[in-house]
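Please read the structure below before turning to the comments.
Every value quoted in this text rests on a predicted model; they were computed, and no experiment measured them. Every number for a ligand or one of its atoms is a count from 1 in the order of the listing. All residue numbers refer to positions in the sequence shown, counting from 1.
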Amino acid sequence: MTSTPATPIDQQRKLVTTLPGPKSQELDARKAATVSSGLGVALPAYVARAGGGILVDVDGNHLIDFGSGIAVTTVGNSAPAVVAAVQEQVADFTHTCFMITPYEEYVAVCEQLAELTPGNHEKRSALFNSGAEAVENAVKVARTFTGREAVVAFEHGYHGRTNLTMGLTAKNMPYKHGFGPFAPEIYRAPMAYPLRWPGGPENCAEEAFKAFVYVVHTQVGETNCAAVVIEPIQGEGGFVVPPAGWLRRVAEYCHEYGIVLVADEIQTGFCRTGDWFACDHEDVVPDVITTAKGIAGGLPLAGVTGRADIMDSVHSGGLGGTYGGNPVACAAALGAMRTMREQDLCGRAKEIESIFLNRLEQLRAKYDVIADVRGRGAMLAVELTAGAGDLTPDPTLTGAVNKLCHEQGLVTLTCGTFGNVFRFLPPLSSPDHLLEEGLDIFEDAFARATAA
Ligand code: PLZ
């Protein structure tokens with residue numbers, strides 16, 4: 001099969017119109033007439049091409065990407081190995097349904113997952129289409145294995161938008177509002193959130209662990225608890241990095257009581273935090289791990305990988321779905337994982353961390369409204385508050401900075417339960433000069449928004 005290689009995208013920011021440009025505005029009018037208003041859009045610049053660290057819109061603007069489509073295009077958009085693998089696969093066959101007539105690509109992805117995820121124990125995987133579906137299936141597996149029903153999740157946690165995962169997700173607006181009733185047997189423990197821990201960051205690990213144990217003991221009962229579902233670094237909830245040692249204690253506790261520890265690494269996985277998985281940094285080996293986003297370079301694929309005894313406890317036919325582990329998405333994943341290895345993208349995430357942290361710490365020294373600079377690898381954030389020791393969240397300033405960045409052609413994202421966290425998730429394929437320029441724009445936006 002032959003295909004015309006696309007011309008490489010010039011890795012320079014370039015604004016030829018104000019944003020959104022006229023063609024984007026036309027498309028946005030069509031959107032308003034046809035797409036449900038239930039879908040919010042952060043920056044209505046319609047994308048025509050993307051690669052490296054740049055998104056090119058339909059008007060010819062070159063935008064710097066600091067979002068990676070919410071932590072998905074870790075290897076970059078249309079990464080060469082992903083494109084080649086997809087083109088080859090799509091020409092061979094597009095779908096059979098793995099449950100009907102299987103194919104090698106699915107098995108090969110599961111082999112990679114067994115090798116790359118934390119722990120050397122025997123593992124099995126099942127593949128799905130979205131992160132939420134992976135989390136749902138992890139809970140199904142944990143319930144079958146334990147014969148128990150209850151699931152514990154954490155404050156500020158995010159696990160998806162399906163019914164079960166809405167229940168696991170903490171934040172009401174916009175994820176849950178008006179969409180209940182939610183699935184039963186979900187309990188919530190306080191999150192080890194150092195900046196906002198009532199007893200102070202120095203006591204956070206110890207006190208948060210005790211608070212978690214208290215919830216399990218008093219509200220659930222250890223022997224009723226099937227699973228604890230946890231993001232080792234929280235994503236949508238505000239890039240909350242728990243203090244060292246806390247995750248390990250939760251893991252040991254789960255082990256002691258036969259509770260399945262499900263690490264939701266959908267946002268943190270695949271080199272994003274400078275390790276293959278965020279659990280690696282804490283030397284924690286979860287029983288089950290959920291993956292999606294970065295796994296397949298932008299194609300929809302998700303995985304549940306776990307101890308063989310847990311994953312094999314489900315009756316045959318109990319797991320599946322028409323499209324789960326689609327061959328084209330699997331081929332993309334194999335291309336993406338090869339790229340991560342060959343280009344040492346874990347190392348690249350660490351380099352990005354040092355570029356960002358250096359600049360963000362300087363900014364914090366200048367502005368007391370920056371209450372916290374946190375994150376790991378290429379998953380970093382600043383939390384904006386009233387300042388001078390007052391931790392009242394400032395979502396208005398956060399939104400204002402975000403808007404100014406967008407106007408300058410820098411695609412940025414916010415997050416957090418209080419909407420006051422500014423997050424940085426650049427593709428790991430982004431060259432240094434774009435990262436530095438994006439940070440210049442951010443600093444300038446910050447100066448302007450705080451002066452206003
Ligand atoms: N678990 C840790 O980050 C998805 C959601 C964006 P899906 N995060 C982005 C939005 O507003 O919908 C996510 C995650 C963690 C689960 C999920 C869910 O993954 O692929 O979006 O279903």
Can you tell me if H121 has over 12 outside heavy atoms packed within less than 6.0 Å of its NE2?
yes
Just wondering, do W276 and R341 contact through their side chains at under 4.5 Å, heavy atoms?
yes
Flag this pair as yes if the NZ/CZ of K176 is under 6.0 angstrom from the six-membered ring centre of F182 and inside a 45 degree cone about the axis; otherwise no.
yes
N420 side, atom CG; L391 side, atom CG - distance, nearest 0.5 Å:
9.5 Å
Pick one: which of Q89, H95, E88 meets side-chain contact (heavy atoms from CB on, under 4.5 Å) with V328?
Q89
At a 4.0 angstrom heavy-atom cut-off, ligand 1 is contacted by I70, S130, G131, A132, Y158, H159, G160, R161, Y175, E231, E236, D264, I266, Q267, K293
Tell me, yes or no, whether the heavy-atom count around E104 atom CD, taken from other residues, nucleotides or ligands under 6.0 Å, exceeds 12.
no
